[in-house]
Amino acid sequence: MSSFEVIIYEKQGGIAYVTLNRPKALNAYNVQMRDELYEVLGAIKEDDDVRVVILKAAGEKAFCAGADLTEFLTAPPPVFARQARFERDIWGRFLSVPQPVIAALHGYVLGSGIEMSLCCDIRLAADDARFGLPEPGLGIIPAAGGSQTLPRTIGQAAALEILMSGRWIEAKEALKLKLVNRIMPRTNLYGEAEKLAKKIMSYNVETVRAAKQAVWRGMDLSLAEGLELEKRVGQGLMTRS
Ligand code: COA
C-alpha cells in the first residue's frame with residue numbers, strides 16, 4: 001500500500017484504524033482524502049487479518065467539516081464530474097467492506113462527515129460532537145448518499161427537517177434521533193470504540209459478517225424478500241460450520 005498523506009492507517013490486534021488527518025482544515029474531505037480512503041478500504045476488505053475497522057479523525061475540533069470548500073468552489077466542470085463519480089465509488093466502497101466498521105465521532109461532523117459515518121455500521125460519538133448538513137446554504141443537496149442514508153437511519157421527517165433547514169444537532173439530540181448509537185465523554189471515545197471492537201472480535205468472523213450483510217442488504221428489500229435473504233444467509237452459515 002502506498003504511503004498516505006491525509007489519512008493514517010494502522011493495524012493492531014485485528015483492528016484497522018483509519019484516521020482522517022487534515023486537522024488544520026478540520027479534516028475537510030478533499031479529492032486526495034477520497035483517493036486515499038478508496039485505496040485503504042480496498043486493501044482492508046481483502047485483508048482477513050482485519051476483523052473490525054475503526055474510523056476516527058485527528059485533531060481536537062472536528063471529525064470532518066464536510067467537503068473541502070476550496071476545491072469545491074473552484075473546481076472546473078470536468079473535475080466536478082470526476083468528483084461526483086468518485087463520490088459514488090467511495091460510498092459504494094465503504095458499503096462493500098465486509099468487516100464491521102465503527103465510526104468514532106467528535107467535534108464537527110458536517111456534510112460528508114455525517115455521510116461517511118452513515119456508511120459505517122455503528123456510530124459512537126463524543127459529547128462534544130455537533131452534526132449538520134450545510135448543503136442547503138450552499139445551494140446543493142448532499143452528494144455522498146446523505147439524502148438516502150439519513151432518512152433510512154433517523155426516519156423521513158427528522159431527515160427532511162435537517163436536509164431542508166440545515167439545523168445543527170448536538171450529541172444528545174443525535175442520540176435521541178438514533179443518528180448515533182451512544183454518546184460518551186470525549187476522553188472515553190476511543191477506549192469505548194476499542195472495547196466494542198474487541199467484543200465483536202470475540203465472535204466467529206463469518207457470523208458477524210453474515211449479520212452485517214443480512215441487515216444492510218435487507219434494508220433495500222421488502223419484508224418477504226428480507227426474510228428469504230435471512231434464510232439464505234443463515235443457511236450459508238450452517239453449511240460452513
Ligand atoms: N473546507 C475547507 N477548509 C475548511 C472547511 C471546509 N469544509 N471547514 C473548515 N476549514 C478550514 C478553515 O478555512 C480554517 O482554515 P484556516 O485556519 O487556514 O483559515 C480551518 O479549517 C479552521 O476553521 P475555522 O472556520 O477557523 O473554525 P471555526 O471553529 O471558527 O468554525 C466551522 C468551524 C466548521 C463552523 C467552519 O469552519 C465552517 O463553517 N466550515 C465549513 C463547513 C461547510 O460548509 N462544509 C461543507 C459542507 S458541504
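For the single chain, residues carry numbers from 1 onward in sequence order. Just so you know, these numbers come straight off a predicted model, no measurement behind them.
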Quick check against the 3.5 Å criterion: does [X] have a side-chain atom that pairs as donor or acceptor with the backbone of [Y]?
X      : Y      : result
Gln99  : Val52  : no
Asp127 : Lys172 : no
Arg152 : Met219 : no
Gln32  : Glu5   : no
Glu192 : Leu189 : no
Arg123 : Asn181 : no
Ser112 : Glu115 : no
His106 : Gly59  : yes

Residues Phe94, Leu41; criterion side chain to side chain contact (heavy atoms under 4.5 Å, CB included); working and verdict = CA-CA 7 Å; Phe94 256 102; Leu41 292 171; 3.7 Å; yes
Which pair of heavy atoms, one from [X] and one from [Y], lies closest together, and at what distance?
X      : Y      : result
Leu110 : Arg130 : CD2-O, 4.1 Å
Leu229 : Ala214 : CD2-O, 3.6 Å
Ala197 : Ile54  : CB-CD1, 4.2 Å
Val6   : Asn30  : CG2-OD1, 4.4 Å
Ile183 : Ala171 : CG2-O, 3.7 Å
Gly111 : Pro134 : N-CD, 3.7 Å

[X] side, atom [atom1]; [Y] side, atom [atom2] - distance, nearest 0.5 Å:
X      : Y      : atom1 : atom2 : answer
Ile102 : Leu105 : CD1   : CG    : 11.5 Å
Ile7   : Leu55  : CD1   : CG    : 9.0 Å
Cys119 : Ile90  : SG    : CD1   : 9.0 Å
Lys61  : Asp128 : NZ    : CG    : 12.0 Å
Lys212 : Ile122 : NZ    : CD1   : 9.5 Å
Ile200 : Thr207 : CD1   : OG1   : 12.5 Å

inquiry  = Heavy-atom count check: over 12 atoms from other residues, nucleotides or ligands less than 6.0 Å from Glu230 CD?
reply    = no
query = Should we say atom CD1 of Ile140 is surrounded by more than 12 heavy atoms from elsewhere, each under 6.0 Å from it?
reply = yes
Got a list of side-chain donor-acceptor pairs under 3.5 Å for residues 156-167, not counting sequence neighbours?
residue: Glu161; atom: OE2; partner: Arg167; partner atom: NE; Å: 2.8
residue: Ser165; atom: OG; partner: Glu161; partner atom: O; Å: 2.6
residue: Ser165; atom: OG; partner: Arg167; partner atom: N; Å: 3.1
residue: Arg167; atom: NH1; partner: Glu173; partner atom: OE1; Å: 3.1
residue: Arg167; atom: NH2; partner: Glu173; partner atom: OE2; Å: 2.8

Heavy atoms, side chains only, cut-off 4.5 Å: are [X] and [Y] in contact?
X      : Y      : answer
Leu69  : Leu138 : yes
Leu124 : Val180 : no
Tyr108 : Trp168 : yes
Ile114 : Leu133 : yes
Lys231 : Gln235 : yes
Asp35  : Val31  : yes
Pro98  : Lys45  : yes

Cut-off 3.5 Å, no hydrogens considered: what does the side-chain donor-acceptor table look like for residues 15-26, sequence neighbours left out?
residue: Tyr17; atom: OH; partner: Glu194; partner atom: OE2; Å: 2.7
residue: Thr19; atom: OG1; partner: Lys56; partner atom: NZ; Å: 3.3
residue: Arg22; atom: NH1; partner: Ala28; partner atom: O; Å: 2.8
residue: Arg22; atom: NH1; partner: Asp68; partner atom: OD2; Å: 2.8
residue: Arg22; atom: NH2; partner: Asp68; partner atom: OD2; Å: 3.1

request  = With salt bridge (charged side-chain N to carboxylate O under 4.0 Å, His left out) as the test, would you mind laying out the steps for Arg209 and Glu206 before giving the verdict?
outcome  = CA-CA 5 Å; Arg209 288 183 179 205; Glu206 298 298 339; 5.6 Å; no
In this structure, would [X] and [Y] fall into the same cluster of hydrophobic residues linked by side-chain contacts under 4.5 Å?
X      : Y     : result
Ile44  : Phe4  : yes
Met201 : Val50 : no
Leu118 : Phe63 : yes

inquiry  = I want to check a possible cation-pi pair here: Arg93 against Tyr38, using under 6.0 Å from ring centre and within 45° of the ring axis as the test.
reply    =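 Checked: cation-pi criterion met.
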inquiry  = Let's go through Met116 and Trp91 carefully: what are the C-alpha distance in whole Å and the side-chain angles of both, what is the deciding distance for side chain to side chain contact (heavy atoms under 4.5 Å, CB included) to 0.1 Å, and is it a yes or a no?
reply    = CA-CA 7 Å; Met116 217 182 310; Trp91 310 117; 3.5 Å; yes
Check ion pair Lys11-Asp47 (N to O, under 4.0 angstrom) =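 Judged by the 4.0 Å cut-off on N to carboxylate O distance, Lys11 and Asp47 do form a salt bridge.
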message = Tyr29 vs Leu37, test: side chain to side chain contact (heavy atoms under 4.5 Å, CB included). Steps then yes/no.
response = CA-CA 10 Å; Tyr29 187 75; Leu37 280 172; 3.7 Å; yes
request  = Could you verify whether a donor N or O on one side chain and an acceptor N or O on the other, from Thr153 and Lys178, lie under 3.5 Å apart?
outcome  = no
query = Can you list the steps and then say if Leu179 with Phe131 is a side chain to side chain contact (heavy atoms under 4.5 Å, CB included)?
reply = CA-CA 9 Å; Leu179 177 57; Phe131 300 83; 3.9 Å; yes
